[in-house]
Amino acid sequence: MSTGTDTTALAAAGLTAPDAPAGTARPTVPPAARKTPAPAGTAPAGAPIDETSAPAGTAPARAPGDEAPAPAGTDWARTPAGTAPGGAPAEAGPGPGGKVPAGARTKSAAAAVVRVLKAVAVRTAAILALIALWEIAPRAGLVDATFLPPLSEVAVAWWGLAADGQLADHTQASLIRSFGGFGIAVAVAVPLGLLIGWYRPLADFLGPLLEVFRNTAALALLPVFVLLLGIGETSKVSIVVYACLWPVLLNTISAVRNADPTLIRLARSMDLSTPRLFQKVILPASVPAIFTGIRLAGAVSILVLVAAEMIGAKAGLGFLINASQFNFAIPQMYAGIITISAIGVAFNQLLVSVERRLSLWRVPA
């Protein structure tokens, strides 16, 4: 093959012929076709790296994203565990396979236990202080132990009532009356409150009547219920229904009236019917306010029932407290009071749990 042909071939490959004859014109290579020779020990872009072809003492080229080479003279075999080359501490992280080291898991579990214990201590500090004061004050003579016995004596009396079955019988009678009246009140007040809050003519018609009855105390009407319905179970359940009706009704009306008008307009623009509008917009938006009224009604149902059971009842926690007072069995009286308080707290926590379950759509503050 001729010399000119060889020169042309070398020029096309991006190389130059150093020993071209004098007077021979070198072919012009376009700038885009010119290549800069790669440094020793590196490979052209896109070409596989051949580590065996690198000059002695040179590290082979690495693809983008590979780790940086170790500094010269670094002996990886002699580097202490948990440190980076050069003596710098290595960052803690998951071990091989993405697993968290056992020590890190133990520390996180211990921190979680400490947080739980702190939360429990904060929540129970006031209760523990009251228990200690109740036990110490009568024994120290700060109050008359006859009328306020130490808490340990009250606990013994409570255990005695529970052991002979009296406490269970009285508690059962009170719960049946209280929860029965509470359930009837909620079943009546929620639908009625939705209607009154949604339909303005109905609210205008029933508004004055509601204002009269909601400002009349339930216990003030107890003699009326006893005269009209007798001293049996009907009067006691009815007074609970009356007392529980107003907190639920008024909070439901307020919840419907304060529903977001933007959401209501959007729902109407989607041609939702009134039942679907209540299901998708009004009820979810009203749940917090409705449950506020329901929780108030739950507390009222127990308090009013105790007062009702003190008149003409033969069983119930109110009857137990009243009878213990007349018989001067003061520890048993306080045992009944503590039982009522425990039932009220448990019932309130139950309602809070139901409210949270029905309000999962809410964004936490």
Side-chain angles (χ1 to χ4, degrees), residues 170-197 202-203 206-256 286-323 325 333 336-352 354-355:
H170 292 302
T171 303
Q172 181 181 1
S174 294
L175 291 181
I176 291 175
R177 297 164 182 160
S178 177
F179 289 169
F182 171 79
I184 294 173
V186 172
V188 172
V190 172
L192 184 60
L194 293 174
L195 292 175
I196 295 175
L202 186 60
L206 296 178
L209 188 64
L210 296 179
E211 289 295 329
V212 170
F213 280 103
R214 77 164 186 168
N215 290 298
T216 304
L219 294 179
L221 295 177
L222 180 59
V224 177
F225 280 93
V226 171
L227 290 175
L228 295 178
L229 302 176
I231 59 175
E233 299 297 318
T234 305
S235 61
K236 297 176 180 58
V237 175
S238 299
I239 194 67
V240 173
V241 172
Y242 178 86
C244 295
L245 185 70
W246 305 111
V248 182
L249 180 63
L250 297 177
N251 278 273
T252 304
I253 294 174
S254 176
V256 174
S286 304
V287 163
I290 292 175
F291 264 90
T292 300
I294 290 176
R295 290 169 60 186
L296 291 174
V300 168
S301 67
I302 297 176
L303 298 178
V304 171
L305 177 66
V306 170
E309 287 177 341
M310 291 180 177
I311 300 175
K314 296 181 180 180
L317 292 174
F319 169 78
L320 173 64
I321 294 172
N322 200 33
Q325 178 193 3
M333 181 188 73
I337 295 173
I338 291 176
T339 304
I340 291 175
S341 301
I343 292 174
V345 171
F347 190 35
N348 182 71
Q349 292 300 317
L350 176 62
L351 294 177
V352 170
V354 175
E355 178 184 1

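The minimum heavy-atom distance between L320 and G336, with the atom names listed, is CD2-CA, 4.2 Å. Of all heavy-atom pairs spanning V186 and P191, the tightest one is O-CD, 4.1 Å. For the residue pair C244 and P247, the shortest heavy atom distance occurs at O-CD, 3.4 Å. Across all non-hydrogen atoms, the minimal contact from A289 to N251 is O-CB, 3.4 Å.
Separation of atoms CZ (R295) and CG (L350) is listed at 11.5 Å; rounding is to 0.5 Å. Distance check: L175 CG to I343 CD1 gives 4.5 Å after rounding to the nearest 0.5 Å. Here T252 contributes atom OG1 and L195 contributes atom CG; the two are 11.0 Å apart, rounded to the nearest 0.5 Å. To the nearest 0.5 Å, atom CZ of residue R177 and atom OG1 of residue T234 are 11.0 Å apart. For the atom pair OG of S238 and CG of L222, the computed distance is 11.0 Å after rounding to the nearest 0.5 Å. In this structure, L219 CG and I239 CD1 are separated by 6.5 Å, a value rounded to the nearest 0.5 Å.
Although no hydrogens or angles enter the test, the distance criterion places no donor-acceptor pair under 3.5 Å between the side chain of N348 and the main chain of G344. Judged by distance alone, with hydrogens and angles left aside, the side-chain atoms of S301 form a donor-acceptor pair with the main-chain N or O of G298 at under 3.5 Å. Under the 3.5 Å distance criterion, the side-chain polar atoms of N322 are left unmatched by any main-chain donor or acceptor of G318. Listed for the S174 side chain is no donor-acceptor partner under 3.5 Å among the backbone atoms of G316.
Ion pairing of E309 with K236 is absent here, as no side-chain N (NZ or NE/NH1/NH2) approaches a carboxylate O to less than 4.0 Å.
Between V241 and V188, the closest side-chain pair of non-hydrogen atoms is not below 4.5 Å. L202 places a side-chain heavy atom less than 4.5 Å from the side chain of I196. The shortest side-chain heavy-atom distance between I340 and I321 falls under the 4.5 Å cut-off. No side-chain heavy atom of F182 sits less than 4.5 Å from a side-chain heavy atom of V300.
Checked against F291 for a side-chain contact (heavy atoms from CB on, under 4.5 Å), the options L296, V248, V354 give a single hit: V354.
By the 6.0 Å contact criterion, CD on Q172 is open, its count of non-hydrogen atoms from other residues, nucleotides or ligands being 12 or less.
Ring orientation note: the planes of Y242 and F213 are nearly perpendicular, at an angle over 60° on the 30°/60° scale.
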